[in-house]
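Report on the structure given below.
What you see is a predicted model, and the numbers here were worked out from it, not measured in a lab. All chains are named by letter (A, B, ...) in the order of the sequence lines, taking the proteins before the strands, and each is independently numbered beginning at 1.
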Amino acid sequence: MGPILVVAEFTEGELSDTSRELLTKARELAQSLGSEVIAVGFGSHAEHAMANADADRAVAITGLGLDQYLPLTYERTLSQIVSEYHPLLTMVANSTMGLDLGAGVAAAQHMPVIAYCNGLHTDAEDIVAQCQAFAGKLLAEVAVPAGGAVITVLPGSFGSSGTSGHPEVTVMAVDSVPGMDVVKILEPEKGDVDITRADILVSVGRGIGDPENLGLAQELAEAIGGVVSCSRPVVDAGWLPKARQVGKSGQTVKPKLYLALGISGAPEHLQGMKDADLIIAANTDESSSIMEVAHYGTTVDILDLMPALAERLRGE
Amino acid sequence: MRILVLTKSVPDLVEELVLDEDSGELLHDEMTYVPSEWDDHAVEEALLIKEDSNADVTVLAVDTGDVDNMLFTALAKGADRAIKLQGDFDLSTSNRKRAQAIAHYVKENPYDLILSGVQAIDDIDGQIPAMVAGLLGMPHASVVTDVRLDGDRVHFHQEYGGGLQAELASQTPVVLGIQAARKPPRYASIAKVRQMMKSSVLEEVEVAVEEVPELEIRRFFKPVAAGHAEMIDGDAEEVAERIVSILKERNLVRG
Amino acid sequence: MQKAKSIELEVAVVNGIELPGHWNRMFEPRVISEYDLSVLDQVTSIPGAESLGYCYQCGKCTAVCPVETVGDYSPRKIFRKTQLGVSLMDSPDLWLCTTCRNCLRVCPKEVNMIDIMPAVREQAVLEGKAPAELLTAFENTARYGNPLGEPPRKRTEWVKSAEVPVPVMSQVKAPVDVLWFVECYPSYHPRGKDASVALARLFNALGVEFGILGTEEKCSGDSQRMAGEKGLFEMLAEHNIKMLSKYQFNQIVVTDPHAFNAFLHEYPKYGGQWPVQHYTQFLAPLIDQMHLTRPLNKKVTFHDPCYLGRHNGEYEAPRDLLKAIPGLDLVEMGHCRETAYCCGGGGGGMWLDSFTRDYTSQRLSEKRVLEAVEYGADILAVTCPYEVSRFEDAVKSTGNGGRLEVKDIAELLAYSAELI
Ligand SMILES: Cc1cc2nc3c(=O)[nH]c(=O)nc-3n(C[C@H](O)[C@H](O)[C@H](O)COP(=O)(O)OP(=O)(O)OC[C@H]3O[C@@H](n4cnc5c(N)ncnc54)[C@H](O)[C@@H]3O)c2cc1C
Ligand code: SF4
Ligand code: SF4
């Protein structure tokens, strides 16, 4: 039985939350399969960051320039490690790095890749992965082949146990592969926000009542890490710029979270947001059409809800 | 500079996905297919590159039986050539097999820059651009925007989430998975598409694909759906608390 | 360039006094040599746009163009700007005309925006100059057969709420009297569906033998044509004609004046020739059989749809129907019949809401709603599927919620016949 390999990522020199989740899951599977967990990390902080990882072994890959993510070098190196260790599973987060490494390494190593995984368990004889397909409209149950696979995992799928371990850390020095380099790190763009790219939208409608209440929405957006968008009447009234309008004659958005506050859900508005991953609507009228597309709804007054929610989020 | 854009069609989510509820199999022939949204962006980015330097743009699709309109539309938008890979393919052909077919074609017909949508809604068995690159041993990057030519190097941006980005430069040939084009994909008027159908031909290239690693998908199923919002009762404080816990479950709260 | 057609009389006799035409300096187009006319020539050389060059600046159109009431607009102004070198092709002006036909009614030179607009817009669409909003509607129509981007398979979902039989032609194995062409907004928009349900019940109550195309029906495409997507229109026309040709029926009845216009004037060019009526024309002779018993004691005003009234000359049928409803008090607005103002939805305006908003002070739908309120109406009766959504939205945005209701004539009839 090959080991379970987890590609670790780091935030501020520490294991990222997602990497911890992957390790927790890998540990659980390894226990039921009688296998071991190997963490693989890149960069000068990898050795330190993986010292207490919940893994049996760790490989810290160091080299000039590797502190910055280098697609080509990372991929070639991981490919080499996979060919050496013959892992049963290679787990990568479905981040930009995971999108690069997962399918690329799998193809290079003649293995299958299982993408957008959000569940993994063992049944009678197999490891079974659950994957999100068709933008979350369907789930798929996929059997991990006996020969092994690369799996890219959606962040937030497993939760982490918080357990730490004492892996034996091997440091492996590599040269960066010439051919693709980082020219520079780019600062986030300034200017008015692009609501189509925001993961979280705090969207207000005519129910906001008065432009002065927009401050509450803005505070909530800051607390939740999102951006304020709106329905058309709010733009018509000149309370927010047109770039913030969601709907048929505004922007079409697909955020991870759409908070619809005081929006009735006219068809022209729904056309622009109904495909959001999660819709939570607050409208004093329970029979308003927005409730037909929302996943969760409440009839609490938004002027009370916005500050209450912001406060709670800030308190976290 | 020769650019190849890999395109494919995917089930249209505006329509219902058709599933045999007992076997959990997708009924491909009963679904409507549309060009993959990310591939549309890849085509647009290629055409923008063509506009700022004189690149030659070829669009390619594996012939799964429904790709002509998609390819003629790309021609109407300004692509120079369109290629259909023919062989033992249909709508249910796996992405892995498609990638292998494309890799065989590219090996015989080299290009400098290969663009494709970074992902598609149906690629649980792997994203095509990354697999093509892996199979050919070419450098590649995903989640790419803003591709520009600089001499014989290709400059592009790679996005890492949270607004973080880097500018990278690569030698050619290189494969890039496009996240979004610099401009929204252009519109091809129907008259132009129809004219293309009359005046241009799709090149057909035969490819044979050996056995590739395939996934054993046991079944597809629908997540429990709601027709109406689940109402959260209570006062503002209670509702806020419940919302925060819903967000936490979904990893939508920072920190 | 084609020469202007003069339409003034050569000799006119007014109160016994003979007025020879040669006194009229407008009899022949004036030679305007002091301008560089290359930009104007570019526009007027587009087939269909020739008549823009005929304008002699009398200004009659400015007095009637609805867009002028919310902005700075009219054929005269478009001509003048183009003459001075600002091409219509690159100007926002190109997208503001709703093809309402009010100017053509008064223009002595027959400067015809109904031909000019689609011709120049088609060129602009080809050159990638059309507003994004409009392109989304085109793309939706091309892909789904409706500009709303709704699933084609759900085109008949509204039928469930009708609770009366609505036969679909592919399942009816026999000829029918009436082929009801339902159209997109009446199939998908919640308020459009209300009108469809009402009409389905009226047809059933009247014992009309009818059928619909169901999922075989696609948008008639007339507004897309006016907005510059002729290729799309042709594709839709060919599709609809092919579907209709499979079945036997005596006539087509349409809910939508835009479809009415297409069936009357455009589809015959593509081989689709059938007798067609707007539903108000079909129902008007049947008033006595409708059992309009429940009174509606309301002041009602009627908005003439441009494509039923001015474009196709039908002003009476809708009014006859309204007057037949007991208790109903029909009041006319100042702008009614041939002078009615446009709701703003025609000629692609339906899909240019945000764009238009940038160049006008108010939506035409809001202007019209305010006029209805001014005349003291409780109900604004409409009979074009674009209008219910536009006017209801305008009622809210002008702060008249609760004061004015917007209802399709079919809904009012069904109410009075106690069918809803
Ligand atoms: C051609 C056309 C294009 C259009 N394009 C767009 C578009 O792109 N985008 C768009 O949004 N609209 C568009 N519209 C307008 C659309 O029809 C609706 O009028 C609009 O979306 C309504 O906005 P709303 O929901 O904010 O306002 P309303 O419909 O007035 O709803 C306000 C809601 O807030 C609730 N509410 C009030 N106070 C409170 C409170 N204190 N707490 C909680 N809830 C409260 C009320 O119950 C009500 O449901 C378009 C219309 C047309 C005709
Ligand atoms: S058709 Fe109507 S909107 Fe267009 S210019 Fe003439 S009067 Fe104005
Ligand atoms: S009415 Fe006709 S001739 Fe007179 S200004 Fe208008 S377009 Fe020109």
Side-chain angles (χ1 to χ4, degrees), chain A residues 68-69 71-72 95-96 99-100 102-108 110-116 131 133-143 145 155-156 179-186 188 200 225 256-257 278 280-281 286 291-292 294-298 300-301 304-305 308-309 312-313 316, chain B residues 11 13 17 96 99 118 121-127 130-131 133-135 137 139-143 155 157-161 163 165-171 213-223 226 228-232 235-237 239-241 243-244 246 250-255:
Chain A
Q68 166 61 33
Y69 172 56
L72 181 58
S95 56
T96 296
L99 280 168
D100 276 349
V105 169
H110 306 288
M111 290 173 113
V113 56
I114 302 175
Y116 317 105
C131 301
F134 303 105
K137 294 232 153 117
L138 292 182
L139 293 170
E141 226 172 68
V142 185
M180 192 187 281
D181 357 271
V182 173
V183 178
K184 60 174 181 271
I185 305 296
L186 301 166
I200 297 184
K256 295 199 171 111
L257 168 64
L278 175 65
I280 302 183
E286 186 172 346
M291 296 302 176
E292 277 156 41
H295 302 93
Y296 295 94
T298 169
V300 163
D301 190 316
D304 300 329
L305 181 64
L309 196 50
R312 227 159 256 276
L313 287 162
E316 288 305 318
Chain B
L13 296 182
L17 293 163
R96 184 56 174 265
V118 60
I121 54 169
D122 67 346
D123 54 10
I124 54 174
D125 65 333
Q127 296 81 12
M131 291 194 291
L135 291 168
H140 96 280
S142 313
V143 203
H155 283 244
H157 294 178
Q158 187 173 39
E159 297 188 355
Y160 303 109
Q165 287 191 32
E167 180 183 335
L168 280 79
S170 175
Q171 66 187 32
E214 301 269 9
L215 289 190
E216 188 203 319
I217 297 174
R218 289 189 175 171
R219 63 176 185 125
F220 282 103
F221 59 103
K222 292 189 177 150
H228 188 272
E230 179 187 326
M231 296 306 290
I232 307 171
D235 63 17
E237 293 300 329
V239 171
E241 183 168 332
I243 292 179
V244 170
I246 294 167
R250 302 191 179 224
N251 250 25
L252 287 166
V253 180
R254 283 190 296 193

Part of A:E286 lying under 4.5 Å from any heavy atom of chain B: both
Pick from A:A108, A:P155, A:G136, A:C131 with the largest number of heavy-atom pairs that fall under 4.5 Å of chain B: A:A108
Interatomic spacing from CD in B:E241 to CD1 in B:I232 - rounded to 0.5 Å: 11.5 Å
Residue part contacting chain B, namely of A:V183, when any heavy atom lies under 4.5 Å: both
For A:T96, all residues meeting side-chain hydrogen bond (donor to acceptor under 3.5 Å, both in side chains), sequence neighbours excluded: none
Rounded distance (nearest 0.5 Å) linking atom NZ of B:K222 with atom CZ of A:F134: 12.0 Å
Part of A:T298 within contact of chain B (heavy atom distance under 4.5 Å): both
From CG (B:D235) to CG (A:D301), nearest 0.5 Å: 12.5 Å
Toward chain A, the part of B:R96 with a non-hydrogen atom under 4.5 Å: side chain
Heavy-atom contact with chain A under 4.5 Å, split by part of B:A169: both
Nearest-0.5 Å distance that lies between atom CD in B:Q127 and atom NE2 in B:H140: 8.5 Å
Part of A:I185 within contact of chain B (heavy atom distance under 4.5 Å): both
All side-chain hydrogen bond (donor to acceptor under 3.5 Å, both in side chains) counterparts of A:D100, not counting sequence neighbours: A:Y69, B:S142, B:Q158
Pick from A:L305, A:V113, A:I114 with the largest number of heavy-atom pairs that fall under 4.5 Å of chain B: A:V113
Between A:L139, A:L257, A:V300, the one whose heavy-atom pairs under 4.5 Å with chain B are most numerous: A:L139
Selection from A:A281, A:P112, A:P145 maximising heavy-atom pairs under 4.5 Å formed with chain B: A:P112
Contact class of B:D123 relative to chain A, heavy atoms under 4.5 angstrom: both
Spacing of CD1 belonging to B:I121 relative to CG belonging to A:L138, to within rounding of 0.5 Å: 9.5 Å
Chain B contact via A:Y296 - which portion, at a heavy-atom distance below 4.5 Å: both
Over all atoms of both residues, closest heavy-atom pair of A:K137 and B:L13: NZ-O, 3.7 Å
Side chain, backbone, both or neither of A:I280 within contact of chain B (heavy atoms, under 4.5 Å): side chain
B:I124 side, atom CD1; B:I217 side, atom CD1 - distance, nearest 0.5 Å: 4.0 Å
